[in-house]
Amino acid sequence: MDLSTTYLGLRLPHPLIVGSSPLSDDLDTVKALEDAGAAAIVLRSLYEEEITGEQMREFFYTEGHNESNAEAVTYTPDPDLALGLDEYLEHLQRVKQAVRIPVIASLNAVTHSGWTWCANLLEQAGANAIELQIFHAASDMATSAADVERQAVEIVRSVKQCSGIPVAVKLTPMQTAFANFASKLDGAGADGLVLFQRFHHADIDIEELEVVRTLPLSDSSELSLRLRATAALAGRIRGSLAIAGGVHTAVDVVKSTMAGASVTQLVSALLMHGAGHLRVVLADLEAWMREHEWESLGEMRGNMSLGRIPDPAAYERWHTRQYL
Ligand SMILES: Cc1cc2nc3c(=O)[nH]c(=O)nc-3n(C[C@H](O)[C@H](O)[C@H](O)COP(=O)(O)O)c2cc1C
């Protein structure tokens, strides 16, 4: 049975990779993930602002996450221990030395020069690829969707011009004309798109009058949005597609592959069940394929994409009776 896949030009034995998170912070955990079969690992993000101390602190304010899931506490980084640039580069080098699987660095920069400068340093430190985590809050009323998209496309073009390793873009689901934007990123040279980033939940504490951020772990219900988006892009862009968000089981991997994903990134499932969960998902995937007489993931990939199903509107159509 052939589970192999190619993502960002990297030939991988199967599509299960570890998504960007603190799972990659500890070398023993990284080795355990490789031993459990991870095909590649994405490091947590280097935040340009972290070099000055701000943004990661917000991202990792996970008080509710700690309370709601005891097992996840181990992986909740202490904001004061967040890595600066030099530490990140050293950590990347150490991870590269510790494992044989491809190591993908993740970058969230702010300034134009920050994107290219950091990308260069990550490449020099040995990253096999870079995942750009481009996020624009778009809460400024003077900034249009076109402005936001133009900036992102320029970032991708600049990073691609100055780097010799593959570049993926991790997208947010909050885009107005999603497929058009994806095709522009593809045209700017993105080697892959990761669908989608999953954010902390912001809530309002009505007693303390504070904004409270939590980062609850996902479940498979979050896959739906990603399946539809992947199905819309599969076979229509040059780069490869990754699904991140809501991948917990072998069935989720099968669905992702049928939508058109080359790889699936797991974080929540590994935080909940540990590195060994990769082995379980892989074994279940092989068992499912054997039972359903699939020889390879390649023959399944994209068979449920918009371009290949007889009724592409099936992904969008509302059925009123579902509410009855
Ligand atoms: C504790 C934690 C930390 C994360 N850190 C990052 C990060 O540094 N950069 C990033 O792009 N995504 C980060 N993510 C998002 C994950 O990479 C992933 O996109 C998201 O969790 C959805 O996948 P899942 O459903 O398997 O959890 C983080 C997620 C969690 C739970």
Side-chain angles (χ1 to χ4, degrees), residues 15-26 29 33 38 40-50 54-79 81-83 87-88 91-92 104-109 118 122 127 129-135 167-174 192-201 213-227 229-230 241-249 252-253 255-256 261 263-275 277-278 281:
L16 302 189
I17 74 177
V18 181
S20 177
S21 70
L23 280 162
S24 57
D25 284 0
D26 172 60
T29 309
L33 289 162
I41 186 162
V42 188
L43 299 190
R44 67 145 123 159
S45 299
L46 167 66
Y47 288 83
E48 186 187 348
E49 282 189 8
E50 186 52 38
E54 284 297 328
Q55 195 173 352
M56 207 169 190
R57 226 173 291 277
E58 287 186 14
F59 188 82
F60 285 130
Y61 184 73
T62 53
E63 202 175 275
H65 172 61
N66 285 347
E67 284 167 1
S68 65
N69 191 316
E71 277 154 326
V73 174
T74 337
Y75 298 100
T76 307
D78 179 341
L81 297 178
L83 300 183
E87 291 161 289
Y88 191 97
H91 182 64
L92 166 57
I104 301 171
S106 168
L107 174 62
N108 176 309
C118 292
L122 294 170
I130 305 178
E131 192 174 279
L132 306 180
Q133 202 219 116
I134 304 178
F135 173 67
V167 174
V169 183
K170 191 171 191 179
L171 298 177
T172 82
M174 297 171 285
L193 300 177
V194 183
L195 312 174
F196 285 119
Q197 181 57 287
R198 190 171 164 269
F199 294 105
H200 55 248
H201 296 183
R213 290 163 189 271
T214 58
L215 191 53
L217 300 181
S218 72
D219 59 43
S220 298
S221 67
E222 302 213 11
L223 199 59
S224 158
L225 180 72
R226 279 120 180 131
L227 293 177
T230 303
L241 296 166
I243 286 191
V247 180
H248 287 248
T249 65
D252 296 336
V253 178
K255 289 178 184 174
S256 302
V263 294
T264 50
Q265 299 190 356
L266 288 83
V267 173
S268 290
L270 300 177
L271 289 172
M272 285 183 217
H273 307 297
H277 187 63
L278 282 170
V281 176

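In each ligand, atom 1 is the first atom listed, and ligand 1 is the first ligand listed. If you read the sequence from its start, that first residue is 1, and numbering goes on from there.
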Between [X] and [Y], is there a donor-acceptor pair closer than 3.5 Å when you use the side chain of the first and the backbone of the second?
| X | Y | answer |
| --- | --- | --- |
| R226 | P173 | no |
| R44 | S24 | no |
| T172 | M174 | yes |
| D252 | S220 | no |

| task | Could you pull out all residues at least two apart from S218 that satisfy side-chain hydrogen bond (donor to acceptor under 3.5 Å, both in side chains)? | result |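 Per chain and number, S218 pairs via side-chain hydrogen bond (donor to acceptor under 3.5 Å, both in side chains) with H248, S268.
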
For ligand 1, which is the ligand I care about here, please tell me if [X] has any N or O atom under 3.5 Å from one of the ligand's N or O atoms.
| X | value |
| --- | --- |
| E131 | no |
| H248 | no |
| S20 | yes |
| Q133 | yes |
| S268 | yes |
| L217 | no |

| query | How many angstroms lie between NZ in K255 and CD1 in I243, if you round to the nearest 0.5 Å? | reply |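 Output value for this atom pair is 11.0 Å.
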
| said: Let me confirm one number: the NZ-CG distance from K170 to L195, rounded to the nearest 0.5 Å. | reply: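 K170 atom NZ to L195 atom CG measures 11.0 Å (nearest 0.5 Å).
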
Atom indices of ligand 1, in the order listed, that fall short of 4.0 Å to a heavy atom of [X]:
| X | result |
| --- | --- |
| S45 | 7 (C), 8 (O), 9 (N), 10 (C), 11 (O) |
| K170 | 10 (C), 11 (O), 12 (N), 15 (C), 16 (C), 17 (O), 18 (C), 19 (O) |
| L266 | 26 (O) |
| S21 | 4 (C), 5 (N) |
| S218 | 24 (P), 25 (O), 27 (O) |
| R44 | 8 (O) |

Are [X] and [Y] side-chain neighbours, meaning at least one heavy-atom pair lies under 4.5 Å?
| X | Y | answer |
| --- | --- | --- |
| L107 | S45 | no |
| V253 | P15 | yes |
| H201 | P216 | yes |

| query | Is V42 touching ligand 1 with its side chain, its backbone, both, or neither, if touching means heavy atoms under 4.0 Å apart? | reply |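 Contact part for V42 vs ligand 1: neither.
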
| request: For ligand 1, indicate whether the residue N108 contacts it via side chain, backbone, both or neither (heavy-atom separation under 4.0 Å). | output: neither

| query | Does ligand 1 have an atom that lies less than 4.0 angstrom from a heavy atom of L271? | reply | yes

